[in-house]
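Input: a single structure, listed below in structure tokens.
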Amino acid sequence: MLFCKDMDCTACTQKAAGVQKPYLWGKYIKSPLEITKKELPFCTLSDTLKVVRVFSCGCAFFRSRNYPTRGSFALKHLLRRVSGFFCALVLSAVLSSCGGGANSFTWFVEQIPANLDPQVALDPSDVIACTNLYSGLVRRTPEGELAPALAESWEVSSDGLQYTFTLRPELRYTAAKGAQSDYAITAQDFVFAFQRVFQTETHSPYAVDFAAILNSGLVLAGERAPAELGVQAADDRTLIFRLSERDDNFLAKLTLPGAMPCDEAFFTQTRGTYGLKTSSTLSSGSFYIYNWTSGGLFLRRSPSGSQVDSLRLVQNTNNMDQSAEELILNERCSAAPDESSAPTALRSIPYSDTTWGLIFQCGEDSVFAAPLLRQALIASVQEAELDFSSPLYPAAQGLIPEGLTVDGLDYRAQAGDPRPHFGSARELYMEARQGMSNSAFDKVTLLIPAGCGLEEVAAQINSQWQKQLSLYFSLEQVPPDLFEKRMQQGDYSIALVPVQTDGGSVYEMLLQFTAEGGSSAGYTDPDFAADLAASTRSTGRDRCRLLAQCERRLLADGVFAPLFAQQKRLLLADGVEGLVFDPFGPVLDLTYTTKTDS
């Protein structure tokens with residue numbers, strides 16, 4: 001069976017200190033410790049696992065927590081073909097020498113994993129590695145259930161405010177090459193791990209997920225000592241969590257990398273290099289580090305029947321001209337995301353994480369600073385009968401794609417249809433034009449990324465404005481890199497743009513329209529900002545309600561007009577079963593994965 005998880009937060013990539021500078025919201029940094037609290041706000045990450053579809057191939061599909069990658073509409077991830085999306089495959093001879101087991105699984109990553117500290121792992125490739133390298137108290141099974149992992153059992157108090165876990169006996173960490181370490185896994189390792197999550201110098205993206213833990217906010221603010229956090233070890237095998245408020249998704253959150261154990265003595269002896277090199281990393285999961293080089297990260301575990309015993313995280317350097325299907329059929333990789341609709345004999349798992357629509361420059365110096373004019377143009381598009389049909393681009397039901405969840409709830413079902421109905425486009429336009437000269441529109445263009453496949457739609461929209469409103473705009477197609485640069489700089493009047501949720505986070509998708517989230521659209525609304533901030537302090541239906549209010553306000557103000565929900569899919573090699581997949585990370589968990597010859 002195949003799974004995908006669901007969550008709420010987006011942030012940046014973090015890389016090993018001095019090894020490579022990751023891109024963080026328009027600026028470069030040297031290491032995780034250089035990210036200040038101001039740069040890395042603890043956005044809401046509490047969307048939890050939920051089954052959304054079961055396929056006849058025996059694969060169940062989940063949505064999960066997102067793993068941070070902020071930026072203006074995430075265009076780098078949206079406009080690439082899959083052959084360019086994952087950067088490079090190392091020669092098979094090198095792969096074999098670096099850790100190819102008898103039953104291996106190869107996944108192309110954009111960057112070789114560089115930081116395996118689970119409390120701070122953010123980059124998708126780092127998270128994939130941590131998911132397989134570490135194990136926590138519980139783990140999601142191929143049947144979609146939460147099962148004991150390092151814990152053999154647990155109890156929850158009747159009020160839901162205390163969780164008591166009993167660890168399995170004689171647990172130990174595993175060192176590189178499968179060597180048994182001198183470090184036992186105890187309840188205190190979980191205590192230390194959570195204390196790290198709530199230390200400001202850690203800058204952990206998982207702090208908001210576990211905000212319900214007693215005294216967590218006070219510890220994070222430095223107003224309480226780490227020892228006062230509501231995570232305590234009664235003895236080596238008994239771990240107790242105390243919550244300040246009920247969190248019905250607390251167990252599911254314990255599958256996140258931030259909840260993995262960390263031995264304090266080992267952490268201290270690594271002298272600031274924890275998780276940054278092989279000798280500073282210990283495994284608590286079924287896989288261990290076999291080799292970690294500039295060519296890739298290679299994980300192994302003891303062979304057992306048809307179980308995958310080798311995970312190879314490498315880049316695709318030599319086969320970038322091949323499609324996702326060709327890469328799999330040519331045995332270059334075992335699974336790959338695909339943005340095409342080409343027929344395939346491979347199993348495919350569909351998902352959508354991108355909404356295409358019109359965005360308007362709302363800054364005070366823009367001709368579209370007034371909402372009424374934006375609403376008039378959107379109403380005109382709503383009245384048009386766009387002649388466009390593609391299985392890759394069905395009509396969007398809102399800014400937020402279908403299938404995303406918030407605290408385990410189907411967001412779209414909770415929020416309803418947020419699309420506004422503005423009335424007569426002509427009447428709105430005539431009212432908005434009062435006092436405006438024709439010359440105000442002289443420099444207005446409709447900006448689109450070249451090669452996006454929606455050029456025909458853009459032309460039809462432009463034609464509709466000409467026919468109904470007598471507005472004559474130029475259609476401006478620019479290369480994707482230039483398009484992204486201009487979006488970041490706010491150098492546009494109207495643009496047909498893809499808005500992506502890289503981590504399945506409703507909150508983060510909405511945050512992209514604020515200056516804090518990297519937007520240059522010039523949209524400022526105190527009610528929008530207040531509701532969005534309040535959503536980070538709420539849970540369940542209340543949180544859905546606040547986020548839905550933000551989405552409705554954004555669309556009602558005419559800042560963004562959703563048009564299409566871009567469809568994507570994961571292609572799987574024959575014989576692969578039991579894979580846990582997160583399309584928003586991407587994240588894969590191969591703990592239960594088997595692979596048989598077709």
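Bear in mind that the values here come from a model prediction, so they are computed numbers and not experimental data.
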Quick one, [X] and [Y] - any side-chain contact, counting heavy atoms below 4.5 Å?
X	Y	result
L428	L372	yes
L547	Y411	yes
Q119	F194	no
W356	C452	yes
V499	L399	yes
V444	F368	yes
S519	T514	no
L511	E516	yes

Verify, without hydrogens or angle tests, whether [X] (side chain) and [Y] (backbone) share a donor-acceptor contact under 3.5 angstrom.
X	Y	value
N462	F473	yes
T445	E476	no
S538	R543	no
Q111	P124	no
Q375	A556	yes
Q566	P498	no
T131	V127	yes
R552	D417	yes
Q500	M509	no

Considering all heavy atoms of both residues, which atom of [X] and which atom of [Y] are nearest to each other, and what is their separation?
X	Y	answer
A458	L446	O-CD2, 3.6 Å
P118	Y206	O-CE1, 3.5 Å
A425	L469	O-CD2, 4.1 Å
A415	A548	CB-CB, 3.5 Å
L409	G540	CD1-C, 3.6 Å
P449	E455	O-OE2, 4.3 Å

Any chance you could measure [X], atom [atom1], to [Y], atom [atom2], to the nearest 0.5 Å?
X	Y	atom1	atom2	answer
Y492	R486	OH	CZ	11.0 Å
I400	Y507	CD1	OH	13.0 Å
K253	D248	NZ	CG	9.5 Å
Q397	S352	CD	OG	11.0 Å
I112	S125	CD1	OG	7.5 Å
D491	L447	CG	CG	8.0 Å

Side chains of [X] and [Y]: do they bring a donor and an acceptor to under 3.5 Å?
X	Y	answer
S204	T202	no
E402	Y351	no
Q361	S366	no
Q460	E456	yes

Does this structure show an ion pair linking [X] with [Y], if we count only N-O contacts that are shorter than 4.0 Å?
X	Y	value
D117	R196	yes
D531	R545	no
R426	E383	no
R569	D338	yes
D410	R412	no
D353	K568	yes

Steps toward side-chain contact (heavy atoms from CB on, under 4.5 Å) verdict (L555, V559): CA-CA 6 Å; L555 303 191; V559 180; over 6 Å; no
side-chain contact (heavy atoms from CB on, under 4.5 Å) between C362 and R374, worked out: CA-CA 9 Å; C362 306; R374 303 193 298 261; 3.7 Å; yes
Parallel, tilted or perpendicular, as decided by the 30° and 60° cut-offs, for the rings of Y393 and F564: perpendicular
Parallel, tilted or perpendicular: ring planes of F210 versus F250, cut at 30 and 60 degrees: perpendicular
Verdict with reasoning, L256 to D209, per side-chain contact (heavy atoms from CB on, under 4.5 Å): CA-CA 9 Å; L256 300 178; D209 289 287; 3.5 Å; yes
Pair Y523 + F528: ring centers closer than 6.0 Å: yes
Over 12 foreign heavy atoms within 6.0 Å of CE, M430: no
Worked verdict on I494 versus L377 for side-chain contact (heavy atoms from CB on, under 4.5 Å): CA-CA 10 Å; I494 315 171; L377 267 66; 3.8 Å; yes
